[in-house]
Amino acid sequence: MSEIIHEMITEKQITERILQIASQINKDYKGKEVHLICILKGSVFFCCELAKRLEVPVTIDFMAVSSYGNSTESSGRLSVTKDLNEPIDGCHCIIIEDIIDTGSTLSLTKKMLFARGPASLKICALLDKPDRRKTEIEAEYTGFIVPDKFVVGYGLDYAQKYRNLPYIGELEFVDE
Ligand code: IMP
Ligand code: MG
C-alpha cells in the first residue's frame with residue numbers, strides 16, 4: 001500500500017481564513033488579554049499562525065491529551081500526557097484544536113479546564129468533521145467544515161507523518 005494526498009484546502013485559503021478568525025477574535029476580546037491553549041501536536045502550526053495575527057495581548061501554553069474508553073459514550077476517560085505549565089484561573093482562554101472529529105477528546109478537555117476556573121473558555125478549531133460527531137460540542141471559531149475523510153497536513157498527521165505539509169489534503173491508500 002502506498003499513500004497519495006489530494007489537496008483539499010490550499011495554503012492560501014488557510015491563510016485567508018486564519019486572518020478572518022484572528023480579526024473576529026481581535027474584536028471579541030478587545031480590551032482583554034487572551035490565553036491560547038494549544039493542544040499538541042496537531043494544533044501547533046495553526047496556533048502559531050493565528051497568534052501572529054492577534055492584536056490583543058496573547059499568552060500561550062501547551063497541553064497534550066488523548067481520550068480512551070468507549071467512544072460511543074460521552075463519558076470516556078481523558079489521559080493528560082502533558083499538562084499546562086501555568087494556572088488558568090481568571091484567564092480568558094481559547095482552546096486551539098486542529099480538528100473536531102467525534103468530539104470526545106475536546107469535550108473532556110473542556111470539562112477538565114473549566115474546573116480550573118478560567119474567566120472564560122472558548123474553542124477555536126481549524127477543521128470540523130461534523131458527520132462523525134458523537135459528543136455534542138461546538139467550536140466558537142471554526143476554520144473549515146470538512147467531509148468524513150481522513151485529512152493530513154497543516155499539523156495533522158497520519159502515523160506522525162505529513163504534519164509539515166503547508167496545505168490540507170485527503171489521504172488515500174492505493175495498492176501498489
Ligand atoms: P475526537 O474529536 O475525540 O474524535 O478526536 C479528535 C482528534 O483525532 C484530533 O485532535 C486529531 O488528532 C485526530 N483526528 C481526527 N480526525 C483526523 C483526521 O482526519 N486526520 C488526522 N487526525 C485526525
Ligand atoms: Mg489532536
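Model, not experiment: these values are computed from the prediction. Both ligands and their constituent atoms are indexed starting at 1 by order of listing.
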> Tell me whether L106 reaches ligand 1 (any heavy atom closer than 4.0 angstrom to a ligand atom).
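Outside the 4.0 Å threshold, so no.
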
> Hey, is R133 one of the residues with a heavy atom under 4.0 angstrom from ligand 1?
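No heavy atom of R133 comes that close to ligand 1.
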
> Could you tell me whether the side chains of E49 and Y154 share a donor-acceptor contact shorter than 3.5 Å?
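Looking only at side-chain atoms, Y154 and E49 do not form any donor-acceptor pair under 3.5 Å.
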
> Taking 4.0 angstrom as the limit, do D83 and R116 come out as a salt bridge?
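Salt bridge between D83 and R116, a charged N being under 4.0 Å from a carboxylate O: yes.
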
> Just so I know, are the side chains of M112 and M63 near enough to count as touching, which here means a heavy-atom distance under 4.5 Å?
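Side chain of M112 against side chain of M63, heavy atoms only: contact under 4.5 Å found.
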
> By number and element, which atoms of ligand 1 are closer than 4.0 Å to a non-hydrogen atom of T105?
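Counting atoms of ligand 1 from 1, those under 4.0 Å from T105 are 1 (P), 3 (O), 5 (O).
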
> Out of all atoms in ligand 1, which are within 4.0 Å of some heavy atom of E97? Include the element for each.
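Listed by number with element, the hits are 10 (O).
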
> List the atom of I9, the atom of Y167, and the distance in Å for their closest heavy-atom pair.
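So the minimum-distance heavy-atom pair works out to O-CB, 3.3 Å.
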
> Closer than 4.0 Å to some heavy atom of K149 - which atoms of ligand 1 meet that?
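Taking each heavy atom of K149 in turn, ligand 1 has 19 (O) under 4.0 Å.
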
> If we set the cut-off at 4.0 Å for heavy atoms, which region of L156 has an atom near ligand 1: side chain, backbone, both, or neither?
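Just the side chain.
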
> Yes or no: does G42 have any heavy atom under 4.0 Å from an atom of ligand 1?
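It does not, in that no heavy atom of G42 comes within the 4.0 Å cut-off of ligand 1.
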
> Is the contact between R132 and ligand 1 made by the side chain, the backbone, both, or neither, using heavy atoms and a 4.0 Å cut-off?
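Neither; no heavy atom under 4.0 Å.
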
> Between Y162 and E3, is a side-chain hydrogen bond (donor to acceptor under 3.5 Å, both in side chains) present by the stated rule, with each step listed?
CA-CA 11 Å; Y162 308 121; E3 295 151 15; 2.3 Å; yes

> If hydrophobic clusters are built from ILVMFWY residues whose side chains come within less than 4.5 Å, do I96 and I18 share one?
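Yes, same cluster.
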
> Only heavy atoms of D157, strictly under 4.0 Å: list the atoms of ligand 1 that pass.
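Those qualifying, in numeric order: 21 (C).
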
> With hydrophobic residues grouped by side-chain heavy-atom distances under 4.5 Å, do L19 and V56 end up in a single group?
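L19 does not cluster with V56.
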
> side-chain hydrogen bond (donor to acceptor under 3.5 Å, both in side chains) between H6 and E172: does it pass, once the steps are laid out?
CA-CA 8 Å; H6 306 278; E172 188 197 355; 2.6 Å; yes

> Using a strict cut-off of 4.0 Å, indicate which atoms of ligand 1 neighbour a heavy atom of F150.
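Answer, ordered by atom number: 17 (C), 18 (C), 19 (O), 20 (N), 21 (C), 22 (N).
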
> Could you establish whether I99 and ligand 1 come within less than 4.0 Å of each other, counting only heavy atoms on the residue side?
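I99: in contact with ligand 1 (<4.0 Å).
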
> Consider every N or O of V152 and every N or O of ligand 1, then say whether any pair is closer than 3.5 Å.
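Among all N and O atoms of V152, none is under 3.5 Å from an N or O of ligand 1.
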
